[in-house]
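Down below is the structure, laid out as structure tokens.
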Number of protein chains: 2
Amino acid sequence: MTGVTPPRPLRADAARNRDALLAAAADEFAERGLEASVADIARRAGVGKGTVFRHFATKDDLLAAIVIDRMDALDAVGQDLLTADDAATALHEFLTAAAHQRQQRDLSFLQSAGDVSPEVTRTRTRLYATIDHLVARARTQKAIRPDITGADVILLMCAPNYVVSYVPEAPPDLWQRYLAIIFDGLRPAAAHPLPHPPPSLDLSDTAT
Amino acid sequence: MTGVTPPRPLRADAARNRDALLAAAADEFAERGLEASVADIARRAGVGKGTVFRHFATKDDLLAAIVIDRMDALDAVGQDLLTADDAATALHEFLTAAAHQRQQRDLSFLQSAGDVSPEVTRTRTRLYATIDHLVARARTQKAIRPDITGADVILLMCAPNYVVSYVPEAPPDLWQRYLAIIFDGLRPAAAHPLPHPPPSLDLSDTAT
DNA sequence: AGCAAAGTTGACCGCCCGGTCCGGTTATTG
DNA sequence: CAATAACCGGACCGGGCGGTCAACTTTGCT
């Protein structure tokens, strides 16, 4: 159904350049955010600027390719953890993996890089569904308080990295501290009623 | 010591324009972030672009003026709450005020708008010291866990707004939900040891 | 080896940005 | 009501951006 590039195998050098471009772009976006210029990305990859646009029609498309890659990787981790016995540690491990991934290359913007392409939307929806399942399991096992939804966790997921980004020369794993604090806020022991209902983030599965 | 514009009373229309400019800039920055263009700000204020640069030498200076204003307002709230009996609710009220202010005009960037001017740095240092006192009092009263520092709260302070910013059409007080969760994470009941020492944010007072 | 298709390149285009500048306008003072 | 200094505005400048294109190089098939 997804008629993706049916018959074209892609030339050897072209494939090399494409990979170099993706890596360079990820680095550049991580260091300088969305303002990273296409020219710099091209230079970093050791190719001409024109080559960028041959592989990715637009700068947003390049960004989308990276975003999809990361989200898929994270989703795989989540899927894997869905089979774990202890849902609490599974959820915690997932959040750790997410924060760790984000720490290496800050892609916080990817979340807001909203409806760049339907592919991004689909991938995000899939990831969100996985997280929702993880959270549901943890809630069932009473490992987290009953008033926490999947949307809550999705939203809070990026907070540790965000928070740490304001520390000038932060130690690389400072985010663990804030993940721990926030996670403690999710535990039943915290137990104070929440003043506002959770948002709905459209977690409808277009699943598997 | 602060030799601010000693003898010039400022003309009537000029003062009006300056105020309009500050208001327009705050709105524009809130809506579009740092990328808001000077031309748009000028248009919104109903003045020419040249007028902007007459009042503020650079775009960063304009931003700094707004930032200082907000930080001072927040500091005043904090100072006031320092005399409250219940340090726990005082801290909570402070965080509520901070989030509320940020919700109206998202100035999260102001934090990273680092060393634009020494005036900004001084104001921020003062605000941070106030927060540190608030936290210290709450800690003494055992209203929050003993391993939480002022820096922790400063960093976590903006998280609720950040988190909510990813919800497309968020209800205007959704931030309360996430402030509550994070605040619960600060309570002694949460009680899980933190995996990383707190950062130092340079809270040295150049005080009053 | 030879050749067509695929890929690469950097000069180039139009656009928008922050910041400058000077001719014209307005508020203030006596 | 002058007269003057303060102030205003928008055309203008240099620079960087995303994106295009036609001339050139490389790849892979025969």
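Hydrogens, waters and symmetry mates play no part in the numbers below; they use all other heavy atoms, side chains included. Proteins get letters first, then strands, A, B, ... in listed order; numbering begins at 1 in each.
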Per atom distances to the A:Val47 side chain, the nearest of C:dT9, C:dA27, D:dC7 is C:dT9
Is any side-chain nitrogen or oxygen of B:Asn17 closer than 4.0 Å to OP1 or OP2 of D:dC7? no
Any side-chain N or O of B:His55 below 4.0 angstrom from OP1/OP2 of D:dC8? yes
Please give, in whole Å, the distance from C:dT8 C1' to A:Phe56 CZ? 15 Å
How close or far is atom C1' of C:dG24 from atom CG of B:Asp13, stated in whole angstroms? 14 Å
Nearest-nucleotide comparison on DNA chain C, the residue closer to the 5′ end among B:Asp40 and B:Ala12: B:Asp40
Against A:Asn161, only a single residue in A:Gln101, A:Arg102, A:Gln103 fulfils side chain to side chain donor-acceptor pair (under 3.5 Å); can you say which? A:Gln103
Would you call B:Arg126 and B:Asp72 a salt bridge, taking side-chain N to carboxylate O under 4.0 Å as the test? yes
For the pair A:Tyr162 and B:Tyr162, name the ring-plane relationship: parallel under 30°, tilted 30 to 60°, perpendicular over 60°. parallel
Would you mind reading off the distance between A:Asp19 atom CG and C:dG7 atom P, rounded to a whole angstrom? 14 Å
Sequence neighbours excluded and cut-off under 3.5 Å, please list the side-chain donor-acceptor pairs for residues 147-155 of chain A, or say none.
unit_1: A:Asp147; atom_1: OD1; unit_2: A:Arg145; atom_2: NE; d: 3.1
unit_1: A:Thr149; atom_1: OG1; unit_2: A:Ala151; atom_2: N; d: 3.3
unit_1: A:Thr149; atom_1: OG1; unit_2: A:Asp152; atom_2: N; d: 3.2
unit_1: A:Thr149; atom_1: OG1; unit_2: A:Asp152; atom_2: OD2; d: 3.4
unit_1: A:Asp152; atom_1: OD1; unit_2: B:Arg177; atom_2: NE; d: 2.9
unit_1: A:Asp152; atom_1: OD1; unit_2: B:Tyr178; atom_2: OH; d: 2.5
unit_1: A:Asp152; atom_1: OD2; unit_2: A:Thr149; atom_2: N; d: 3.0
unit_1: A:Asp152; atom_1: OD2; unit_2: B:Arg177; atom_2: NE; d: 3.2
unit_1: A:Asp152; atom_1: OD2; unit_2: B:Arg177; atom_2: NH2; d: 2.6

Provide, to the nearest angstrom, the distance between the CG atom belonging to A:Asp61 and the P atom belonging to D:dT20. 11 Å
Please determine if B:Glu28 and B:Arg43 form a salt bridge, counting it only when a charged side-chain N lies under 4.0 Å from a carboxylate O. no
Atom-pair distance (CZ on B:Arg43; C1' on D:dC8), nearest Å: 17 Å
When the nearest nucleotide of DNA chain C is assigned to B:Arg11 and to A:Ala14 on a heavy-atom basis, which residue is associated with the more 5' position? A:Ala14
Could you tell me whether B:Arg124 and B:Glu119 have a side-chain N and a carboxylate O separated by less than 4.0 Å? no
Whole angstroms only, please: what is the CZ-P distance between A:Arg18 and C:dA6? 17 Å
Whole angstroms only, please: what is the CZ-C1' distance between A:Arg16 and D:dT26? 10 Å
Given protein heavy atoms under 4.0 Å, the one-letter contact record of nucleotides 18-23 of chain C, with B base, S sugar-phosphate only and - none, is simply BBBB--
Side-chain ion pair, B:Asp13 and B:Arg16, N-O less than 4.0 Å: no
